[in-house]
Amino acid sequence: MIICVGGTAAQVYGFKGTVGRMVGRWKDLNGIPVTAIYHPSFFLRPMAKAKREELELMNTSVLREVARRVIPRTLDAERGTCDECSKPT
């Protein structure tokens with residue numbers, strides 16, 4: 001899984017357009033899921049509080065989706081072991 005942080009990184013992986021159009025959209029790159037989020041420096045720019053909160057929420061929802069996709073594959077919470085190697089975590 002690849003998470004592009006910012007528009008420049010996303011364009012390297014084939015996304016086109018503005019970051020706003022890229023955030024939360026998943027693309028398949030040779031079997032690897034790729035998505036984009038806003039770069040943290042973007043939030044340092046002056047903007048209305050409501051707009052900042054909306055964009056931060058978009059970033060957070062993408063990162064939650066990433067966690068949902070990754071964590072169940074690597075950790076079995078009940079057993080406390082890694083699914084790939086069966087070692088205790």
Side-chain angles (χ1 to χ4, degrees):
M1 181 175 304
I2 299 172
I3 304 165
C4 301
V5 181
T8 303
Q11 289 173 356
V12 168
Y13 289 99
F15 283 96
K16 295 184 187 328
T18 65
V19 178
R21 290 187 178 154
M22 299 176 206
V23 173
R25 295 186 184 209
W26 291 89
K27 183 176 178 125
D28 186 86
L29 181 69
N30 299 324
I32 301 170
V34 182
T35 191
I37 62 173
Y38 286 99
H39 192 281
S41 66
F42 180 77
F43 295 105
L44 297 175
R45 298 177 184 172
M47 66 180 84
K49 182 180 178 185
K51 181 71 172 177
R52 180 183 315 277
E53 289 172 354
E54 175 188 344
L55 299 177
E56 287 174 348
L57 183 60
M58 288 173 68
N59 261 14
T60 302
S61 69
V62 170
L63 294 174
R64 282 189 180 140
E65 174 66 15
V66 168
R68 187 190 66 76
R69 291 178 179 218
V70 172
I71 291 173
R73 294 182 185 172
T74 58
L75 179 66
D76 182 333
E78 290 180 23
R79 294 182 304 159
T81 58
C82 174
D83 288 341
E84 294 176 3
C85 65
S86 299
K87 291 183 181 177
T89 57

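Numbering of residues begins at 1 and proceeds along the displayed sequence. These numbers come from a predicted model, not from an experiment.
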Rounded distance (nearest 0.5 Å) linking atom CH2 of Trp26 with atom CD of Glu65: 6.0 Å

- prompt: Measuring from Ile37:CD1 to Leu55:CG, what's the distance to the nearest 0.5 Å?
  reply: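 Separation between the atoms: 12.0 Å.
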
When clusters are formed by joining ILVMFWY residues with side-chain heavy atoms under 4.5 Å apart, either directly or through shared neighbours, do [X] and [Y] land in the same one?
{"X": "Tyr38", "Y": "Met47", "answer": "yes"}
{"X": "Ile3", "Y": "Leu29", "answer": "no"}
{"X": "Ile2", "Y": "Leu63", "answer": "no"}

field: side chain to side chain contact (heavy atoms under 4.5 Å, CB included) assessment of Lys27 paired with Met22
entry: CA-CA 10 Å; Lys27 183 176 178 125; Met22 299 176 206; over 6 Å; no

If you take all heavy atoms of [X] and [Y], which pair is closest and at what distance?
{"X": "Pro40", "Y": "Val5", "result": "CD-CG1, 3.6 Å"}
{"X": "Arg52", "Y": "Arg45", "result": "NH2-O, 3.2 Å"}
{"X": "Met1", "Y": "Val66", "result": "SD-CG1, 3.5 Å"}
{"X": "Val19", "Y": "Gly6", "result": "CG2-C, 4.2 Å"}
{"X": "Gly17", "Y": "Gln11", "result": "O-NE2, 3.8 Å"}
{"X": "Gly31", "Y": "Asp28", "result": "N-OD2, 3.1 Å"}

- request: Check side chain to side chain contact (heavy atoms under 4.5 Å, CB included) between Val12 and all other residues, then give those that pass, not counting sequence neighbours.
  value: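 Side chain to side chain contact (heavy atoms under 4.5 Å, CB included) list for Val12, sorted by chain: empty.
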
- request: Just jot down the side chain to side chain contact (heavy atoms under 4.5 Å, CB included) partners of Glu53, sequence neighbours excluded, or say none.
  value: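 Partners of Glu53 by the side chain to side chain contact (heavy atoms under 4.5 Å, CB included) criterion, ordered by chain and then number, come out as Lys49.
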
- prompt: Is it the case that more than 12 heavy atoms not belonging to Tyr13 sit under 6.0 Å from its OH atom?
  reply: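 Incorrect, the count does not exceed 12.
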
For Thr18, side-chain hydrogen bond (donor to acceptor under 3.5 Å, both in side chains) partners two or more places apart: none

